[in-house]
Number of protein chains: 2
Amino acid sequence: MQISSRFSIGVHILSLLAIRPQDHHTSEWLAGSVGTNPVVIRRVLGQLKKAGLAHVKAGSGGATLARELDGITLLDVYRAVDVVEAGKLFHMHEQPNPACPVGANIELVLRLMMSKAQSAMEDVLAAVTMRELVDVLAREIGEKGAAGG
Amino acid sequence: MQISSRFSIGVHILSLLAIRPQDHHTSEWLAGSVGTNPVVIRRVLGQLKKAGLAHVKAGSGGATLARELDGITLLDVYRAVDVVEAGKLFHMHEQPNPACPVGANIELVLRLMMSKAQSAMEDVLAAVTMRELVDVLAREIGEKGAAGG
DNA sequence: TTTCAATGCAACTATCATAGTTACAGCTCC
DNA sequence: GGAGCTGTAACTATGATAGTTGCATTGAAA
């Protein structure tokens, strides 16, 4: 089991929009950096757009950030690409026997723990802004470097 | 995307072994409380056994705890049922373009964040022992009650 | 107004994990 | 030996993911 790569693709896209604001970011251009199909990019970009994180221009094409980097957390991206339903990271078995003491009561207890665990994970994502991520990324690029687009 | 119910089934099984130590815990009996097929139970129980959390008797049948409740954390169960590979909760897209500055460097940065988020989640699981969970469960049962097995 | 590149979306594919099910060999104990 | 149970293989249905093709629509520029 893994959380869909739509999340990492979303972060990648927003990073590109931030770091190379001068370029014309078509889905094909973005797909070239992400290493996937333009349609996959359009799907994710559509979700970022719906979440108010990006603008996308139909016709002439091109995407831009819809918000300041400081106003976008990793949790915003994670929510935008709809990768895990809220409160449903863990799948609880669905038919515990209500006639058994354990079966009748374990769901409540277990859901509480699951919820805490999921929240802890999401809190980490919420604590990181795209600004911070892009800054670290820019430093990496500065040190190691890399050519092309 | 959701983490497999094998985890919640595993916790349910261990709770049953703890709370009703007098019973003969066959896969069919356990399946009755969990609300699933005996084979599903045997599969999970086999994983708990391999992880050293439960004993299972072939032939005559029946499962028992292999460790004190205090010595079993929810993380142990989570690891036992092999629900998420270590460090791989998030799926990173696999072919970022090394010729693009962002593509070449985002993996490192993103994996760091993903790893932190996953660890935060697992730390919560590690902080809860089956003893604590069973105590809460027993209190629930005491308050609300429920008949049968 | 024609043209052209790009988006948005539907539809289809392959692949994989999950979870349920049947079947049966092998083990244990009475 | 027989009854009952485990361990495991094999098969099924279902659903998510991710890639792909095709096309109607859009918008800007020639």
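So you know, we letter chains A, B, ... as the sequences are listed, proteins then strands, and number each from 1. What's counted below: heavy atoms across the whole structure, side chains too, no hydrogens, waters or symmetry copies.
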With sugar-phosphate meaning primed atoms plus P, OP1 and OP2, does [X] contact a base, only sugar-phosphate, or nothing at under 4.0 Å between heavy atoms?
{"X": "A/R43", "value": "base"}
{"X": "A/G61", "value": "sugar-phosphate"}
{"X": "B/V56", "value": "sugar-phosphate"}
{"X": "B/K49", "value": "sugar-phosphate"}

Donor-acceptor pair between B/S8 and A/H93 side chains, under 3.5 angstrom: yes

Does either side chain, that of A/H12 or that of A/S33, offer a donor lying less than 3.5 Å from an acceptor on the other one? yes

Length of the [atom1]-[atom2] vector between [X] and [N], whole Å:
{"X": "A/H55", "N": "D/dG27", "atom1": "NE2", "atom2": "P", "result": "15 Å"}
{"X": "A/H91", "N": "D/dG15", "atom1": "NE2", "atom2": "P", "result": "12 Å"}
{"X": "B/L45", "N": "D/dT8", "atom1": "CG", "atom2": "C1'", "result": "14 Å"}
{"X": "A/I41", "N": "D/dT20", "atom1": "CD1", "atom2": "C1'", "result": "14 Å"}
{"X": "B/E94", "N": "D/dG19", "atom1": "CD", "atom2": "C1'", "result": "13 Å"}
{"X": "B/M92", "N": "D/dA18", "atom1": "CE", "atom2": "P", "result": "12 Å"}
{"X": "B/M1", "N": "D/dT17", "atom1": "CE", "atom2": "P", "result": "8 Å"}
{"X": "B/I13", "N": "D/dT6", "atom1": "CD1", "atom2": "P", "result": "11 Å"}

Ignoring the backbone of B/R42, work out which of D/dT17, D/dG7, D/dT20 is nearest its side chain. D/dG7

Among the candidates D/dG27, D/dG22, D/dA18, find the nucleotide nearest to the side-chain atoms of A/S4.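 Ranking D/dG27, D/dG22, D/dA18 by closest atom to the A/S4 side chain puts D/dA18 first.
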
Does the side chain of B/R42 reach to within under 4.5 Å of the side chain of B/V56, using non-hydrogen atoms?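 No, too far: nothing below the 4.5 Å cut-off.
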
Start and end of chain A contact along DNA chain C [non-hydrogen atoms, under 4.0 Å]: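 Boundary nucleotides touching chain A, in 5' to 3' order, are C/dA5 to C/dA19.
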
How far does CG of B/N97 sit from CD1 of B/I106, to the nearest 0.5 angstrom? 12.5 Å

To the nearest 0.5 Å, what is the distance between CE (B/M114) and OH (A/Y78)? 11.5 Å

Taking all atoms of both residues into account, what is the closest heavy-atom pair of A/L65 and A/L14, and its distance?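 The pair with the smallest heavy-atom distance is CD2-CD2, 3.7 Å.
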
Where is the tightest heavy-atom contact between B/L48 and B/V77, given as atom of each residue plus distance? CD2-CG1, 4.3 Å

Which residue lies more 5' along DNA chain D, comparing A/V83 with A/A58 via nearest heavy atoms: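 This one resolves to A/V83.
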
Between B/S60 and A/T36, which has a closest nucleotide on DNA chain D that is more 5'?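 Whichever sits nearer the 5' end wins; that is B/S60.
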
With a 4.0 Å limit, can you tell me whether B/S27 has a side-chain N or O closer than that to the phosphate oxygens OP1/OP2 of D/dT6? yes

